[in-house]
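Take a look at the structure set out below.
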Amino acid sequence: MPELPEVETMRRGIDPCIGMRIKEVEIVASPRRPIKISPKPAALRKRLRGTTIVGTDRAGKRVVLLLDTQDHLIFEPRMTGLVLLTDPPSQEHLRLRLQLGRNTQLRGVRELELLYWDRRGLGLVRLMSPSEFATAFGTERLGPDALGTTADILAERLGDSRRAIKVALLDQRAVAGIGNLYAAEILHRAQIHPATPCRRLRTDAWQRIAAATRRILAAAIRYEGSTLSDGTYRNALNQSGTYQNHHQVYDREGEKCRRCRKHEVRRIVQAQRATFFCPGCQIR
DNA sequence: ATTAATGTTCAGAA
DNA sequence: TTTCTGAACATTAA
């Protein structure tokens with residue numbers, strides 16, 4: 001569920017780490033629940049210990065830690081991963097602990113540490129050289145960031161596709177950062193039916209989709225992302241987001257559309273995932 | 001008590 | 001080439 005707004009919120013939340021040195025690396029993996037990391041624990045520990053965090057970044061739905069060695073430490077939360085500064089939801093699913101020096105910026109926290117917690121354990125932690133990073137997340141593998149997308153970018157990359165627009169928006173090589181939740185909200189705001197084939201969309205439709213993408217993602221970041229009913233997603237300080245209170249269609253099957261207040265939100269399945277839309281506002 | 005559903009990514013098939 | 005399917009995994013709701 002961490003999509004672009006949630007991952008961006010995590011990234012901003014760990015900014016107090018910038019300038020700090022990694023004193024100790026603790027890989028918390030039980031044999032039953034091995035953490036998915038590369039390189040192997042010993043090599044990872046060796047390459048991380050003593051390095052200084054010089055910046056943070058985001059590659060689609062991944063948090064990137066920039067190190068003074070030029071290495072990139074990637075956190076890919078997938079479903080239930082969290083990057084935290086304090087207070088993990090439970091000790092049980094803690095996967096990685098980076099002990100940093102004493103903190104000077106964050107009130108109430110003495111020893112700063114960076115934690116990776118992951119309930120389901122589908123997420124990945126990877127340390128990469130600049131060239132490995134470039135191959136893994138270059139333009140071949142990851143499209144332009146959704147926050148800065150335009151009608152031209154979308155039409156150029158998806159305009160000829162026969163896929164349904166909802167499915168295409170989830171393609172990270174086309175545009176990076178949109179997931180199932182925000183795809184639904186974006187198409188609702190743009191008033192496009194999720195099953196519309198991309199190649200049937202005209203310029204005005206692409207413009208509405210691009211504008212809705214920028215607006216919705218930016219708003220969701222302002223509200224620090226969406227914490228759904230399972231409560232998994234939290235920011236770096238283990239606090240819930242609040243954008244779920246602004247959802248128009250996602251997970252609202254059978255409820256009245258918040259835009260037209262007339263039709264009930266419908267749920268269909270596309271590419272084996274749930275799609276929510278308003279049959280009144282999003283005509284085919 | 002079993003089964004379905006949840007969402008992201010990738011390998012491999014159609 | 002493009003699009004689709006299933007697996008990885010944990011937990012909960014039905």
Side-chain angles (χ1 to χ4, degrees), chain A residues 1-8 10 28-38 58-64 74-83 88-95 116-126 128 132-133 135-138 140-143 145-146 156-187 194-200 217 220 225-234 241 243-244 247 249-254 267-276:
Chain A
M1 298 171 321
E3 304 179 21
L4 187 151
E6 289 76 26
V7 176
E8 176 62 17
M10 291 183 207
V28 197
S30 69
R32 217 174 78 71
R33 303 172 183 217
I35 179 179
K36 293 191 171 81
I37 55 166
S38 71
R58 182 175 53 75
K61 301 172 189 171
R62 300 163 187 89
V63 174
V64 180
I74 316 298
F75 296 94
E76 186 173 314
R78 300 239 177 148
M79 286 291 283
T80 53
L82 297 178
V83 181
S90 75
Q91 288 299 314
E92 189 186 356
H93 299 110
L94 193 58
R95 312 276 174 164
Y116 181 70
W117 181 94
D118 195 337
R119 179 157 56 74
R120 284 179 65 173
L122 292 172
L124 314 169
V125 178
R126 286 188 280 181
M128 304 174 121
E132 287 171 324
F133 182 81
T135 350
F137 307 123
E140 285 291 306
R141 307 285 302 264
L142 203 61
D145 196 73
E156 152 79 28
R157 312 201 126 226
L158 297 174
D160 293 336
S161 173
R162 281 186 253 271
R163 283 182 294 179
I165 179 62
K166 155 66 166 36
V167 176
L169 284 178
L170 300 181
D171 183 347
Q172 302 300 299
R173 283 168 314 190
V175 55
I178 300 172
N180 204 43
L181 190 165
Y182 293 102
E185 296 297 320
I186 287 165
L187 291 177
T196 313
C198 290
R199 57 190 312 171
R200 282 209 1 225
L217 295 180
S226 301
T227 299
L228 303 181
S229 50
D230 76 347
T232 299
Y233 165 72
R234 330 286 281 181
Y243 192 69
Q244 66 277 8
H247 292 173
V249 288
Y250 183 80
D251 207 15
R252 297 191 66 242
E253 182 186 17
R267 179 189 189 274
I268 58 173
V269 173
Q270 294 179 284
Q272 301 137 243
R273 352 257 307 256
T275 298
F276 299 90

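In what follows, every chain begins at residue 1, and chains take the letters A, B, ... in the order their sequences are listed.
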For A:A195, what residues pass the side chain to side chain contact (heavy atoms under 4.5 Å, CB included) criterion, not counting sequence neighbours?
->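 For A:A195 the side chain to side chain contact (heavy atoms under 4.5 Å, CB included) partners, ignoring immediate neighbours, are A:H193, A:Q270, A:R284.
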Taking atom types as modelled and ignoring hydrogens, do the side chains of A:Y182 and A:E6 form a donor-acceptor contact shorter than 3.5 angstrom?
->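 A:Y182 vs A:E6: donor-acceptor pair found between side chains.
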Under 4.0 Å between any heavy atoms, over every strand shown, what does A:S161 touch: base, sugar-phosphate, or nothing? Just pick one.
->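 The residue A:S161 makes sugar-phosphate contact but no base contact.
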Mind checking A:A274 for me? I need base, sugar-phosphate or nothing, with any heavy atom below 4.0 Å counting as a touch.
->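 The answer is sugar-phosphate, as A:A274 gets under 4.0 Å only of primed atoms, P, OP1 or OP2.
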When the distance from [atom1] of [X] to [atom2] of [N] is rounded to whole Å, what number comes out?
X      : N      : atom1 : atom2 : answer
A:Q272 : B:dG7  : CD    : C1'   : 12 Å
A:K166 : C:dT3  : NZ    : P     : 16 Å
A:L158 : C:dT2  : CG    : P     : 12 Å
A:E3   : B:dT8  : CD    : C1'   : 9 Å
A:L228 : C:dT11 : CG    : P     : 18 Å
A:K36  : C:dA8  : NZ    : P     : 10 Å
A:R173 : C:dT1  : CZ    : C1'   : 11 Å
A:D160 : C:dT3  : CG    : C1'   : 15 Å

Do A:R62 and A:F137 come within less than 4.5 Å of each other through their side chains, counting heavy atoms only?
->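 Yes; the side chains approach each other to less than 4.5 Å.
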Closer than 3.5 angstrom, by distance alone: can the side chain of [X] be matched with the main-chain N or O of [Y] as a donor-acceptor pair?
X      : Y      : result
A:D145 : A:G177 : no
A:E185 : A:V249 : yes
A:Q244 : A:L228 : no

Mind checking the [atom1] distance from [N] to [M]? Whole angstroms is fine.
N      : M      : atom1 : result
B:dG12 : C:dC9  : P     : 16 Å
C:dA10 : B:dA11 : C1'   : 22 Å
B:dT9  : C:dT12 : C1'   : 23 Å
C:dA7  : B:dT3  : P     : 15 Å
C:dG6  : B:dA4  : P     : 13 Å

Charged N-O contact under 4.0 Å between A:D118 and A:K36 =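 Salt bridge: no.
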Contact state string [nucleotides 9-14 of chain B, B base, S sugar-phosphate only, - no protein heavy atom under 4.0 Å] = BS----
A correct dot-bracket answer for DNA chain B, with pairs being Watson-Crick or G-U at under 3.5 Å, [ ] for crossing pairs and | for inter-strand pairs, is .|||||.|||||||
For C:dT11, does OP1 or OP2 lie under 4.0 Å from any side-chain N or O of A:H93?
->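 True: A:H93 side-chain N/O within range (under 4.0 Å) of C:dT11 OP1/OP2.
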If you round to the nearest 0.5 Å, how far is [atom2] of [Y] from [atom1] of [X]?
X      : Y      : atom1 : atom2 : value
A:Q91  : A:W117 : CD    : CH2   : 11.0 Å
A:L169 : A:I178 : CG    : CD1   : 5.0 Å
A:E253 : A:I268 : CD    : CD1   : 11.0 Å

